[in-house]
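Reading through the structure tokens given below for one structure.
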Amino acid sequence: MIKIISDSSADLPKELLDKYDITLVPLTVSIDGRDYLEKVDLTPQEFFKKMFSTEVLPKTSQPAPATFAEAFSQFGPDTEVLCFTISSGLSGTYQSACIGKDLSDAKVTVFDTLAGSLGHGLQIIRAAELAKQGSTVEEIVADLSEYRENMNILVLLNTLENIVKGGRLSKFQGSLAKILNIKVLLERVEGGKVEIFEKIRGKKKFQKRILDVIEERGTDFSAVTFGITHTGNEEEVEAMKQEIIERFHPKDVIVNYMGATMGTYAGKDGMIISF
């Protein structure tokens with residue numbers, strides 16, 4: 001038997017977590033001096049409400065190794081645990097899970113998704129489907145290594161406010177970007193890090209460019225599942241979903257709220273598209 005465990009940053013809808021019996025190990029979110037367990041003490045909607053009303057950028061921290069070890073140790077020798085983590089290029093969660101593996105007596109394989117949000121989540125779904133079909137852990141890891149390599153992750157920043165709060169951009173630069181109506185597109189790069197891909201002036205040009213970038217990344221999307229996460233801008237996301245369906249005819253489009261880990265960087269009206 002294969003049991004799938006993930007940290008809480010995968011941003012999968014609850015119905016999919018339930019369908020595949022996926023256990024989540026929560027990250028900790030700190031806002032205004034108070035700590036919350038992500039998606040346990042604080043829903044994404046509650047998180048964004050708090051984040052948008054505070055001047056200080058929230059912080060997230062990975063689960064302790066002992067927390068992972070406790071989650072792993074619930075399963076006996078007849079169960080192989082396959083644990084998925086957010087990119088090691090964005091968080092120390094992968095390293096924490098590896099230490100947790102060494103602390104437990106369970107048979108555990110830790111897989112670094114080199115992704116965040118639904119880029120992470122889509123890999124979990126693929127693994128769950130492969131496990132259902134009878135694949136071994138080794139076969140699943142081999143398949144996912146290739147899938148992970150070919151995955152595209154686009155991060156759409158409608159505002160640079162959180163980048164300014166985080167000290168990565170000066171207030172002057174942030175104000176200038178707001179005045180000039182500059183939107184920023186980031187992408188996942190080698191090592192699972194995120195870097196600026198393009199800066200685009202104007203919302204309509206920005207949205208059109210996103211669709212053009214998707215088109216540049218492939219020719220046949222009929223077997224591709226897209227994942228879109230957002231920070232509360234549901235109407236805009238629904239419009240993007242419909243554009244993707246009409247233009248690319250994908251296998252499926254999964255939409256959900258972004259969690260605190262990626263949402264802290266995405267900011268108000270942010271969006272992440274993974275495929």
Side-chain angles (χ1 to χ4, degrees), residues 1-29 35 37-41 60-151 153 188 190-193 225 227 259-262 274:
M1 176 184 170
I2 296 174
K3 169 64 182 180
I4 294 178
I5 291 178
S6 172
D7 68 65
S8 59
S9 70
D11 296 342
L12 284 167
K14 186 179 184 302
E15 58 267 25
L16 290 178
L17 293 172
D18 292 343
K19 178 181 178 180
Y20 296 112
D21 187 30
I22 296 159
T23 297
L24 295 183
V25 177
L27 279 81
T28 299
V29 186
D35 291 343
L37 292 178
E38 183 183 28
K39 296 169 186 169
V40 176
D41 302 326
T60 57
S61 55
Q62 68 262 24
T67 305
F68 275 113
E70 184 180 353
F72 298 155
S73 297
Q74 293 179 33
F75 304 96
D78 294 335
T79 300
E80 290 189 80
V81 175
L82 183 50
C83 176
F84 291 85
T85 71
I86 185 174
S87 170
S88 58
L90 300 173
S91 166
T93 302
Y94 172 73
Q95 289 80 4
S96 187
C98 288
I99 297 170
K101 168 187 171 179
D102 293 337
L103 293 174
S104 77
D105 295 325
K107 189 173 183 181
V108 183
T109 299
V110 183
F111 188 79
D112 183 353
T113 66
L114 296 178
S117 199
L118 271 178
H120 175 174
L122 290 176
Q123 294 182 53
I124 293 173
I125 293 174
R126 190 176 181 95
E129 288 290 353
L130 289 169
K132 194 175 177 182
Q133 293 164 19
S135 297
T136 64
V137 168
E138 291 76 17
E139 289 168 340
I140 292 170
V141 168
D143 179 275
L144 285 179
S145 296
E146 183 178 352
Y147 180 60
R148 175 182 67 183
E149 185 70 21
N150 295 322
M151 177 171 279
I153 301 176
R188 193 270 304 261
E190 189 175 352
K193 298 183 186 231
T225 297
T261 307
M262 298 302 292
S274 307

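One is the number of the first residue; the rest follow in order along the sequence.
- Across all non-hydrogen atoms, the minimal contact from Ile2 to Ser135 is CD1-O, 3.5 Å.
- Under the salt bridge (Lys or Arg N to Asp or Glu O under 4.0 Å) criterion, the residue pairs touching residues 83-110 are Glu80-Lys107, with sequence neighbours excluded.
- Partners of Asp41 by salt bridge (Lys or Arg N to Asp or Glu O under 4.0 Å), not counting sequence neighbours: none found.
- Of the possible donor and acceptor atoms, one in the side chain of Asn150 sits under 3.5 Å from a partner among the backbone N and O of Glu146.
- Counting only heavy atoms from C-beta outward, the side chains of Val110 and Gln95 never approach each other to under 4.5 Å.
- If you check the side chains of Asp7 and Thr85, you find no donor sitting under 3.5 Å from an acceptor.
- Rounded to the nearest 0.5 Å, atoms OG (Ser274) and CD1 (Ile153) are 4.5 Å apart.
- Remark: His120 NE2 to Ser87 OG distance equals 10.0 Å, nearest 0.5 Å.
- The closest side-chain heavy-atom distance from Val25 to Ser6 is not below 4.5 Å.
- Of all heavy-atom pairs between Gly227 and Leu118, the closest is CA-CD1, 3.7 Å.
- The distance from the OG atom of Ser145 to the CD1 atom of Ile140 is 11.5 Å, given to the nearest 0.5 Å.
- Nearest heavy atom pair, residue Ala97 against residue Cys83, reads CB-SG, 4.3 Å.
- Side-chain atoms of Thr79 do not come within 3.5 Å of backbone N or O of Lys3 as any donor-acceptor pair.
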I'd like to know whether Ile5 forms a side chain to side chain contact (heavy atoms under 4.5 Å, CB included) with Leu82, so could you lay out the CA-CA distance, the side-chain angles of the two residues, the decisive distance to 0.1 Å, and finally the verdict. CA-CA 6 Å; Ile5 291 178; Leu82 183 50; over 6 Å; no
Apply side chain to side chain contact (heavy atoms under 4.5 Å, CB included) to the pair Glu38 and Thr261, showing each step before the final yes or no. CA-CA 9 Å; Glu38 183 183 28; Thr261 307; 3.8 Å; yes
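- In summary, the side chains of Ser88 and Asp112 do present a donor paired with an acceptor at a separation below 3.5 Å, with no hydrogens or angles considered.
- Atom CG of Leu144 is separated from atom CG of Leu130 by 6.5 Å, given to the nearest 0.5 angstrom.
- In terms of heavy atoms, Leu103 sits closest to Ala66 at CD1-N, 4.3 Å.
- Residue pairs meeting the ring pair (Phe, Tyr, Trp, His ring centres under 6.0 Å) criterion with at least one partner in residues 69-90, sequence neighbours excluded, are Phe68-Phe72, Phe84-Phe111.
- Val29 and Thr60 get closest at one heavy-atom pair: CG2-CG2, 4.3 Å.
- Taking 4.5 Å as the limit, some side-chain heavy atom of Thr28 sits within range of a side-chain heavy atom of Leu37.
- Smallest separation of non-hydrogen atoms from Ser96 and Ala64: OG-C, 3.3 Å.
- Contact annotation: the side chain of Leu27 approaches that of Pro63 to within less than 4.5 Å [non-hydrogen atoms, C-beta and beyond].
- Sorted by first and then second residue, the side-chain hydrogen bond (donor to acceptor under 3.5 Å, both in side chains) pairs involving residues 61-71 (not counting sequence neighbours) form an empty list.
- The backbone N or O of Gly119 lies less than 3.5 Å from a partner atom in the side chain of Gln123, making a donor-acceptor pair.
- Residue pairs meeting the salt bridge (Lys or Arg N to Asp or Glu O under 4.0 Å) criterion with at least one member in residues 113-130, sequence neighbours excluded: Arg126-Asp143.
- Thr109 contributes atom OG1, which lies 11.5 Å from atom CD1 of Ile4 (distance to the nearest 0.5 angstrom).
- To the nearest 0.5 Å, the span separating NZ on Lys19 from CG on Leu12 amounts to 11.5 Å.
- In this structure, Met151 and Arg188 have side chains that are in contact, with non-hydrogen atoms separated by less than 4.5 Å.
- Scored by the salt bridge (Lys or Arg N to Asp or Glu O under 4.0 Å) test, Lys14 finds Asp18 as partners (sequence neighbours excluded).
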